[in-house]
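Written below as structure tokens is the structure these notes are about.
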Number of protein chains: 2
Amino acid sequence: MSSQRLSRDVLLPLLMEHVLTHGLGQASLRPLAKAAGTSDRMLIYHFGSKERLISELLTFAASVYAAGLEAVITTDAHPPTRADLLARILEQNAGPASQPFKNLWWEIVGGAARDLPGYREAARGMMHELLGWLERNMPPGDPDPAGGARFLLTVIEGTMMLSAVGHEDTAHAGLLAGGLLPS
Amino acid sequence: MSSQRLSRDVLLPLLMEHVLTHGLGQASLRPLAKAAGTSDRMLIYHFGSKERLISELLTFAASVYAAGLEAVITTDAHPPTRADLLARILEQNAGPASQPFKNLWWEIVGGAARDLPGYREAARGMMHELLGWLERNMPPGDPDPAGGARFLLTVIEGTMMLSAVGHEDTAHAGLLAGGLLPS
DNA sequence: TTCCTCTTGTAGCACTTGCTACATTTCCGT
DNA sequence: ACGGAAATGTAGCAAGTGCTACAAGAGGAA
């Protein structure tokens, strides 16, 4: 049991790296195994089935995402206004470093929409985490941190989606028109 | 050429119906052919390759989407405020009728993010169409129809995404806190 | 040592994938 | 009716899919 858990903990990061670059939908056992330095035989042995592998991979991805947010919390100073906070988040998400994770994210959303096993839980978890982070990092003295965080989250995700399909300028213009970005 | 075009026009709706219910990622030639009443052999004959089939299917889906929006334009009366318009759109999108199309939409977004051939064009086109529809249907006398439409689009898509992962309540609370929904 | 469980390698099975070779039918212009 | 092109059926190929049967090494407990 303990060595099984150990093996999985070793495998999951390698598997996730492969999934981040090659996509979740196209991931099949043999390429995954190769990326993790094992065989398909071993993946089935450790995870039971591909479905459970994917499911565990998603919860692992969610935990990595949460950890990344926590890391940001401790290092950043709080932006003084909602607009500054929003601008900062969008700027960070637009960077190339977060591209692979965003690609994975859309596959997770798609899986959640179709209710594939494990997808909705992972997606819900990540959004819950991000919402919590937002709420904790709202500008000091914000009149409605809870509502404001939810509002920002909605706007952020809309911007992400529009950016994914090449409409970042549309989203930007919308946020400006809504008075949500610093001029 | 003309009979080829005819065949394609007959096939595409049947193919799209199959894709709407079964998903785009899992769509392989033989099930697609079965749904359209032909053989994989014929699909390759008419479309050249699976990649081109998917590409044509996406532009077809985009045109269907556009036509659907146009139909709504002529039948609806204009809501008096932005909040009413937003509420009406969200209500319509939350209905079960638009569920299959939304499922397909997330796959398109994922494909666009990964830059698969044809995906980004289709996604861009549909968003362009929706944006145009919004702009044309902004409340009469709105001070900034162009910017307002872009703002609404961003908020709408964010709400769609959060709803897809089971966070519709979060989005709703956010819109209320942002003063974007009628009380 | 012996035994037992955990872990791993080798082959392979039944099936699906996109696509093609080849032959045949269908249909339209002459 | 005839000839050529378009359209379709049959069969199959090479590769890849998830997964399993079987055997064998590894490592610790007795």
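Naming convention: chains lettered A, B, ... in sequence-line order (proteins, then strands); numbering from 1 in each chain. Predicted, not measured: the structure shown is a model, and the values here were computed from it.
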In residues 91-106 of chain B, what donor-acceptor pairs under 3.5 Å come from side-chain atoms, sequence neighbours left out?
from, atom 1, to, atom 2, distance (Å)
B:Ser98, OG, B:Asn93, O, 3.0
B:Ser98, OG, B:Gly95, O, 3.2
B:Lys102, NZ, B:Asn93, O, 2.9

*Nearest-Å distance for atom pair CG/P, residues A:Leu43 and D:dC19*: 11 Å
*Nearest-Å distance, CG (B:Leu11) to P (D:dA7)?*
12 Å
*Evaluate the side-chain proximity of B:Pro140 to B:His78: yes if any heavy-atom separation is below 4.5 Å, no if none is.*
yes
Report all side-chain donor-acceptor pairs from residues 150-160 of chain A shorter than 3.5 Å, counting only partners two or more places apart or in another chain.
from, atom 1, to, atom 2, distance (Å)
A:Arg150, NH1, A:Glu135, OE1, 3.4
A:Arg150, NH1, A:Ala146, O, 3.1
A:Thr154, OG1, A:Arg150, O, 2.9
A:Thr159, OG1, A:Val155, O, 2.8

_Run the side chain to side chain donor-acceptor pair (under 3.5 Å) test against A:Asp142 and tell me which residues pass, sequence neighbours left out._
A:Arg82
Could you go through residues 164-182 of chain B and list every donor-acceptor pair under 3.5 Å that involves a side-chain atom there, pairing it with any protein atom two or more places apart or in another chain?
from, atom 1, to, atom 2, distance (Å)
B:His167, ND1, B:Thr170, OG1, 2.8
B:His167, NE2, A:Arg124, O, 3.2

*asked:* Using whole Å, what does the distance between atom C1' of nucleotide D:dA7 and atom CZ of B:Arg8 come to?
replied: 14 Å
*Could you tell me whether the phosphate oxygens of C:dC6, OP1 or OP2, come under 4.0 Å of any side-chain nitrogen or oxygen in A:His46?*
no
Distance-only donor-acceptor hits, side chain of residues 10-25 of chain B, under 3.5 Å, sequence neighbours excluded:
from, atom 1, to, atom 2, distance (Å)
B:Thr21, OG1, B:His18, O, 3.2
B:His22, ND1, B:His18, O, 3.2

*Please report, rounded to the nearest Å, how far the P atom of C:dC6 is from the CE atom of A:Met42.*
13 Å
*Do nucleotides 16-23 of chain C as a string where each nucleotide becomes B, S or -: B if the base has a protein heavy atom under 4.0 Å, S if just the sugar-phosphate does, - if no protein is that close.*
-BBBBBB-
